[in-house]
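The next block holds one structure in the form of structure tokens; read it before the comments.
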Amino acid sequence: MEIVLLGSSGSIGLQTLDVARRHKIWIKAIAAKSNVRTLELQAREFNPRYVCVYDENCYTDLKARLADMKTEVLCGKEGMTRLASMGCGMVVNAIVGMAGLEPTMAAIESGTKIALANKENLAAGGELVMKRAKEKKVEVIPIDSEHSAIFQCLAGNNRKDVSKIILTASGGAFYGYSRDKLRTVTKQQALKNPNWNMGEKVTVDSATLMNKGLEFIEAVRLFGVRPEQTEVVVHRQSILHSAVEFADGSVIAQMGVPDMRVPIQYALLHPARPESGVKKLSFTDTETLTFEKPDEATFTCLSAAKKAVIMGNNACAVLNAANEAAVGAFLEDKLEFYRISELVNDALENVKANKTVTLKTIFEDSNAAMEYVGARIARL
């Protein structure tokens, strides 16, 4: 098997390479935003045919570092899109943010199977992505632990029999906090997820519950269910990764220790389940499992996501882009944590989304939302 790995320097990318090492999966190409040192080390270990750095300012440095290798060095959006469309066994898209949408569409157009860890793709453009994937008969396999769990629970079952999808959430770093208490939290606190090892943006999204909001939209798009068929529950232990309720009342759940290498491996190798190197779950050593309703009155990003998917059109693209801009400002110490949800809700209310969903309008509305948030931040 051969794969193209987009986003090789991030958390999911690094863990995908761990899986590749264990199972001797050939990496045909790797790509990352700007981390040339990591790309160089990865290229020397895995000897891919192509390496791409998204930041064009890093191209000369990377090319010089790999001058003694036969690996072809690419750069920019065009390079990333070329990798996605060149043809291989699977494209693993672990790029964070809207930058991953065009490579996803390019992979679909080329007829290449996709393992998707980029939740923004399906949050902003899921209707378009899944429609085109169906037309091209391209399989889109989720890597997110929750959607991988649902994907596994659905295996061998008739999707017409699904009555409800149950998405679990860790609750993030600020579980149990009041709205007033959220006004005093720091970036360092927000970047401490209780269970998962993730990138900065996803970890902040987990703290605001926007991560679960985006996953709510993803579930609706990926599995063809209605919003009212999708339920979010807070499960602090992150042992039960998600579940599916069927018409007969049966609930099938997928469980395991919180380690992203399991869903990554399943996406790459399913239906096979070889040894993963991950610690096994012990029921006798596991603490009590708890399940609660999320506090949507405090963590309003989740309720905003539910509202956006019901609104339809490009509302989800507006929501996603507004969040991306607000979280980016928070990580750059330009915005307080509690204002992320405030700006996301304001953008959803005030940025008029296109009724026609195309790649062009998705980016237009995303840019409008980012500009709106940027202008609001400048006035704070």
Side-chain angles (χ1 to χ4, degrees), residues 119 123 142-153 162-185 189-199 201-220 222-223 225 227-245 251-260 262-263 281 283 286-310 319 323 327 337-338 340-342 344-345:
K119 53 177 52 66
I143 284 180
D144 268 350
S145 61
E146 295 82 359
H147 299 95
S148 174
I150 295 163
F151 184 70
Q152 294 177 58
C153 293
V162 173
S163 61
K164 184 167 66 175
I165 281 174
I166 302 163
L167 286 170
T168 57
S170 71
F174 304 128
Y175 167 78
Y177 278 39
S178 66
R179 296 183 74 170
D180 285 341
K181 194 172 181 180
L182 288 178
R183 289 177 172 269
T184 64
V185 302
Q189 289 174 305
L191 291 173
K192 291 180 180 178
N193 187 274
N195 300 324
W196 295 98
N197 175 25
M198 305 180 290
K201 198 266 184 182
V202 180
T203 305
V204 174
D205 282 348
S206 178
T208 64
L209 287 195
M210 177 55 89
N211 191 47
K212 210 51 50 180
L214 297 178
E215 289 176 5
F216 183 96
I217 299 169
E218 274 189 278
V220 171
L222 267 172
F223 305 113
V225 294
E228 61 269 25
Q229 287 180 284
T230 309
E231 180 184 4
V232 175
V233 298
V234 175
H235 169 51
R236 291 293 285 167
Q237 297 79 24
S238 296
I239 296 296
L240 191 153
H241 301 305
S242 277
V244 177
E245 178 187 273
V251 177
I252 297 178
Q254 188 265 335
M255 303 172 70
V257 298
D259 192 310
M260 283 304 301
V262 173
L281 175 65
F283 280 88
T286 300
E287 59 188 299
T288 301
L289 304 184
T290 60
F291 303 92
E292 306 167 59
K293 290 183 178 180
D295 179 3
E296 294 185 41
T298 299
F299 298 92
T300 59
C301 281
L302 176 55
S303 54
K306 291 181 177 181
K307 180 181 177 180
V309 77
I310 292 169
L319 173 103
N323 179 68
V327 172
F337 177 84
Y338 75 94
I340 296 173
S341 59
E342 179 184 294
V344 167
N345 279 276

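Heads up: numbering here begins at 1 and tracks the sequence. Scope of the values below: all heavy atoms of this structure, side chains included, with no hydrogens, waters or symmetry mates.
- Contact between Ala219 and Thr230 at its shortest, heavy atoms only, is CB-CG2, 4.3 Å.
- Under the salt bridge (Lys or Arg N to Asp or Glu O under 4.0 Å) criterion, Glu146 pairs with Lys212, not counting sequence neighbours.
- Legend: residues meeting side chain to side chain contact (heavy atoms under 4.5 Å, CB included) with Lys192, ordered by chain and number and at least two apart, are absent.
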* Asked: When you look at Thr286 and Gln237, which way does the side chain to side chain contact (heavy atoms under 4.5 Å, CB included) test go after all the steps?
  -> CA-CA 9 Å; Thr286 300; Gln237 297 79 24; 5.9 Å; no

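- Across every non-hydrogen atom of Ala173 and Gln189, the tightest pair is CB-O, 3.4 Å.
- In this structure the side chain of Tyr175 never reaches within 4.5 angstrom of the side chain of Asp295, judged on heavy atoms.
- Distance check: Thr168 OG1 to Glu215 CD gives 8.5 Å after rounding to the nearest 0.5 Å.
- Counting heavy atoms from C-beta outward, Lys119 and Asp144 have side chains that approach closer than 4.5 Å.
- In this structure, Leu214 and Phe216 have side chains that are not in contact, with every pair of non-hydrogen atoms separated by 4.5 Å or more.
- In this structure the side chain of Met255 reaches within 4.5 angstrom of the side chain of Phe283, judged on heavy atoms.
- A heavy-atom distance below 4.5 Å is not found between the side chains of Val232 and Lys293.
- Summarising the geometry of Val234 relative to Ser170, their closest heavy-atom pair is CG1-O, 4.1 Å, with the distance given to 0.1 Å.
- Here Asn345 contributes atom CG and Thr300 contributes atom OG1; the two are 4.0 Å apart, rounded to the nearest 0.5 Å.
- Take Arg179 and apply the side chain to side chain donor-acceptor pair (under 3.5 Å) test, not counting sequence neighbours, and it matches no residue.
- Smallest separation of non-hydrogen atoms from Ile239 and Pro258: CD1-CD, 4.3 Å.
- For Gln254 and Ser242, the side-chain atoms include no donor-acceptor pair closer than 3.5 Å.
- Side-chain contact between His235 and Leu289 is present, with at least one heavy-atom pair separated by less than 4.5 Å.
- Every side chain to side chain donor-acceptor pair (under 3.5 Å) that Lys306 has, sequence neighbours left out, goes to Glu296.
- Residue Ala190 comes nearest to Thr203 through the heavy atom pair O-CG2, 3.4 Å, listed as atom of the first residue, atom of the second, then distance.
- Residues that satisfy the ring-ring contact (aromatic ring centres under 6.0 Å, His included) test with Phe151, not counting sequence neighbours, are His270.
- Asp259 pairs by the salt bridge (Lys or Arg N to Asp or Glu O under 4.0 Å) definition with Arg261, not counting sequence neighbours.
- Under the ring-ring contact (aromatic ring centres under 6.0 Å, His included) criterion, His147 pairs with no residue, sequence neighbours left out.
- Ser341 is not listed as a side-chain neighbour of Thr208, based on a closest heavy-atom distance of 4.5 Å or more.
- In this structure, the salt bridge (Lys or Arg N to Asp or Glu O under 4.0 Å) partners of Lys307, at least two apart in sequence or on a different chain, are Glu349.
- Note: Leu167 CG to Ile165 CD1 = 7.0 Å, rounded to the nearest 0.5 Å.
- Partners of Lys181 according to the salt bridge (Lys or Arg N to Asp or Glu O under 4.0 Å) rule, which considers only residues two or more places apart in sequence or in another chain, do not exist here.
- Scored by the side chain to side chain donor-acceptor pair (under 3.5 Å) test, Tyr177 finds no partners at all (sequence neighbours excluded).
- With rounding to the nearest 0.5 angstrom, the CD atom of Gln229 is 7.5 Å from the OG atom of Ser163.
- Atom CG in Asn323 sits 7.0 Å away from atom CD1 in Ile340 (nearest 0.5 Å).
- Closest non-hydrogen pair, Val220 versus Val225, comes out as CG1-O, 3.2 Å.
- Phe337 meets the ring-ring contact (aromatic ring centres under 6.0 Å, His included) test with Phe174, Phe330; sequence neighbours excluded.
- Scanning for side chain to side chain contact (heavy atoms under 4.5 Å, CB included) contacts around Leu209 gives Pro294, Phe299, Leu302, with sequence neighbours left out.
- For the atom pair Ser145 OG and Met260 CE, the distance stands at 5.5 Å (nearest 0.5 Å).
- Counting heavy atoms from C-beta on, the side chains of Ile166 and Val244 never come closer than 4.5 Å.
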